[in-house]
Protein chains: 2
Amino acid sequence: MKRKSINEMTREELAFEYSELLAEYEQVKAERLSLDMSRGKPCREQLDLSDGILTVLKTGEDCHNSFGTDMRNYGMPIGVPAARKLFAELCGVEFDNVFLGGNASLELMYDAVARAELFGVAPGSTPWCKLDKVKFLCPAPGYDRHFRICETFGIEMINIEIREDGPDMDTVEKLVSSDESIKGIWCVPKHSNPTGTIYSDETVRRFAALKPAAKDFRIFWDNAYMVHDLYEGVPDILNIFELTQGTENEDMVYMFTSTSKITYAGSGISAFITSDRNMKHALSYIGTQIISYDKLNQFRHAIFFEDADGIRAHMKKHADILRPRFEAVLTAFEKELAGRDIATWTKPLGGYFISLDMLSGSAKRVYELCLDAGMKLTEAGATYPYGKDPKDANLRIAPSYPPLPELRMAAQVLCLCVKLAAVEKALSERGFFKSINTISLGNI
Amino acid sequence: MKRKSINEMTREELAFEYSELLAEYEQVKAERLSLDMSRGKPCREQLDLSDGILTVLKTGEDCHNSFGTDMRNYGMPIGVPAARKLFAELCGVEFDNVFLGGNASLELMYDAVARAELFGVAPGSTPWCKLDKVKFLCPAPGYDRHFRICETFGIEMINIEIREDGPDMDTVEKLVSSDESIKGIWCVPKHSNPTGTIYSDETVRRFAALKPAAKDFRIFWDNAYMVHDLYEGVPDILNIFELTQGTENEDMVYMFTSTSKITYAGSGISAFITSDRNMKHALSYIGTQIISYDKLNQFRHAIFFEDADGIRAHMKKHADILRPRFEAVLTAFEKELAGRDIATWTKPLGGYFISLDMLSGSAKRVYELCLDAGMKLTEAGATYPYGKDPKDANLRIAPSYPPLPELRMAAQVLCLCVKLAAVEKALSERGFFKSINTISLGNI
């Protein structure tokens, strides 16, 4: 096993390893693989876990709740009570603070930003589109679709370093309290996408106690992975909603969650959780937009799970499917990359991603090498605002979707490409390619 | 049977009828009825027609299409192909021009206006929110939720008279071609809400040939009742999409439809149909907003109906349920109100509403009299922009929801209130109430 740090290797050792890796890479390319670790998609077995939900409503009679209300018809703009109760219990919030959407919390987030842009976040609050400049803080690496919302609305994004216990709170506090044009921050507080970070109690408390310069500052608290632990005994995060209710920050939190990775990625239900005042304001616009989201699907979820414990029990089955997948990738990383000073990676306790940091300036190269070898990854840079990773070092690895044998193969290919790019870079820095245009390496 | 026009009656005759009607009204009030003709909600029997859709997908295997794509997972932002095909066939448009949404075309319409406000209707087009003034033409009486969208966005609404063959096209043409701030018009071209109007071929052709002063003028063509005929042989409207494709007005039409009144009002699917250019522009934003709408429900619809003929056959069953309801109300109107010069009403061939025009200044009065007698109607004024019926004469009658015996009762109560208000008005005009404060009549 080669455990020698790349920095300790001689030029000759590097050149020898390079030729070996290149030969291996050519062999892999010849196999014309088709692998995909690009998106956090649940795998078939995971989707199968929820198939019971397809038949909980079989007849028109089934579609009536205990008060006799027909879920097939119009009405209930805020959502089916039984499903709102389910989310209230799961999130530790009051029933009245839960609004139910369609199949995508992304839509609820986009719509929340769109409403702020068009109408402001509260009665009398200036619509963001009327302001010269609106900025969001973006803990990064983070979720590309959050960043894309900002980009779409022309919101300036400011990178915030994400650490082991959450975003760099010193910087967050300083910026939020001093710059009135900062109107929001994206947070995935548990099993962050892609770092797997679990915000510490201290971090959540500091969020709840922020003193924003902007009265219309909002925390977009995307609790997408709140029950998505891979192991028993993973700590829960503090309930920011509870921490802020009754304080001057009562209206500061927009919480989002969904069952996209609990039941079906394409046909789950979503929730928007916020203060009474925010809810009233949002509903005054949502009431123009829609009569209600799909109540049958909300009702199906309520019946299928019964209560929050039903969801928690269900998530253990997901964990049993996902754990070996995560471990397969982590084992390969440990075996192939450890001790070489060429990469570091997260060892998540839940969520959907492993975050892989490589040598500066090599993420794009690794991405391209993988692509040429028939493996799709999330695009290099995607985990940073504007798709620009300042160090060009981070890749988001999504191990959930491929079948285990394919995943093991994919992890091998990925490790090969990481090593190849690292050795290539080291050789290049030592002048090895002086007569070779490195760009031509794109065609190896 | 009293068939004497109210205008031919003597003051004594009126006073006598008034006392009779009042006595009857008091009796009705004493019954403490609870009737509702306020919204165009399908009734239980109608919803039951679609219950087969609940079980077309019973297993995970069922959720795969013929190419093996799993509808439970992420993907297909524009919608499930089989369901897009269904709408393409039904609407006589190309597959590529069909986008599928969630359970509500209202949401697609709101979102289309929101995108125009935020980003403009085309690349380089000025966002409407940056303009001093944006106006929409509103054929009225019309659909209150269309008008509410305009009101929410601060769009100025201009009433357009709606005639037997559609909106007053002379006025539409004149205004649209001369005023650049007019950016849109709401149309329900078949079985208009609430007048039941079917746009003539001439009207549709004139719409397709409009010469708008504003390049970013859009026709919001809400084809909500496209297959909702009550009788055999009701003429179809011309296909405005076909008429505009390949012309300079290619991008002028936003077409919307849904299955809210085909399958389930709360759990149907919706479609947005527009030109290639418009579609590309819209998708560039929708792709930020959502990964896809609920594909399982789209897939359920495609399987349940198979093709457009499947929908047409299904709609005949709806007609069989709705026809007697419409006829019950129309029979009551004919029996109680005809020949009195106190009301006119539409005799719709489809859709969900009867439009009732009463004496000027009496719609609110009738609405209140009905409410006091335990019957809910769509609020007076709701069928006009800003909730302001210039003549205070129109009420929207929704006969679909109540069971037939209840509906017959409701029609009786309504007719009673119309007559009471008419006689009251006539007496008032002849000085009968000179010593009585008419406001106190609110308490009868």
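We name chains A, B, ... by the order of the sequence lines, and we start the count at 1 in each one. Source: prediction; values computed, not measured.
- B:Asp48 and B:Arg44 are joined by a salt bridge, as a carboxylate oxygen and a charged side-chain nitrogen come within less than 4.0 angstrom of each other.
- Listed by chain and residue number, A:Ile290, B:Glu107 satisfy the side-chain contact (heavy atoms from CB on, under 4.5 Å) test with B:Ala104 (two or more places apart in sequence, or in another chain).
- Of the atoms belonging to A:Glu61, heavy atoms from both backbone and side chain fall under 4.5 Å from chain B.
- Side chain to side chain, B:Asp51 and B:Tyr264 meet the donor-acceptor criterion of an N or O pair below 3.5 Å.
- Interface summary for chain B: among A:Ile291, A:Ile149, A:Thr55, A:Thr59, the most heavy-atom pairs under 4.5 angstrom belong to A:Ile291.
- Below 30°, between 30° and 60°, or above 60°: for B:His318 and B:His314 the angle between ring planes is above 60°, a perpendicular geometry.
- Both the backbone and the side chain of A:Thr152 have a heavy atom closer than 4.5 Å to some heavy atom of chain B.
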* **side chain to side chain contact (heavy atoms under 4.5 Å, CB included) between A:Leu404 and A:Arg325, intermediate numbers included** => CA-CA 6 Å; A:Leu404 211 40; A:Arg325 285 176 156 78; 3.9 Å; yes

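- Annotation: side chain to side chain donor-acceptor pair (under 3.5 Å) contacts of A:Glu406 (sequence neighbours excluded): none.
- Only the side chain of B:Asn103 comes within contact range of chain A, judged by heavy atoms closer than 4.5 Å.
- Among B:Met109, B:Gln46, B:His64, B:Glu151, the residue with the largest count of heavy-atom pairs under 4.5 Å with chain A is B:His64.
- Put simply, of B:Gly287, B:Gly40, B:Gly154, the one with the most heavy-atom pairs under 4.5 Å next to chain A is B:Gly287.
- Put simply, the side chain of A:Tyr386 gets close to the backbone of A:Met157: a donor and an acceptor are under 3.5 Å apart.
- Distance alone, capped at 3.5 Å, is enough to place a donor-acceptor pair between the B:Ser270 side chain and the B:Gly102 backbone.
- Interface remark: B:Asp70 contributes side-chain atoms only to the contact with chain A (heavy atom separation under 4.5 Å).
- If you measure heavy-atom distances from B:Asp62 to chain A, you find no contacts under 4.5 Å at all.
- For A:Tyr110, the part lying under 4.5 angstrom from a heavy atom of chain B is the side chain only.
- With a 4.5 angstrom heavy-atom cutoff, A:Ser284 touches chain B only via backbone atoms.
- Contact count against chain A (heavy-atom pairs under 4.5 Å) is highest for B:Thr288 among B:Leu106, B:Leu296, B:Leu54, B:Thr288.
- For A:His146, no part sits under 4.5 Å from any heavy atom of chain B, backbone or side chain.
- No other option in A:Lys295, A:Glu117, A:Arg145 has as many heavy-atom pairs under 4.5 Å with chain B as A:Arg145.
- Cation-pi check for B:Lys41 over B:Tyr401 is met; the charged atom lies under 6.0 angstrom from the ring centroid and within 45 degrees of its normal.
- We find the CE-CG distance between B:Met71 and A:Leu47 to be 12.5 Å, quoted to the nearest 0.5 Å.
- For the set B:Asn297, B:Ile286, B:Leu118, the entry with the most heavy-atom pairs within less than 4.5 Å of chain A is B:Leu118.
- Taking A:Pro42, A:Gly52, A:Ser267, A:Gly60 one by one and counting their heavy-atom pairs under 4.5 Å with chain B, the maximum is reached by A:Ser267.
- Between chain A and the options B:Arg39, B:Met76, B:Lys58, B:Arg115, the largest number of non-hydrogen pairs under 4.5 Å is found for B:Lys58.
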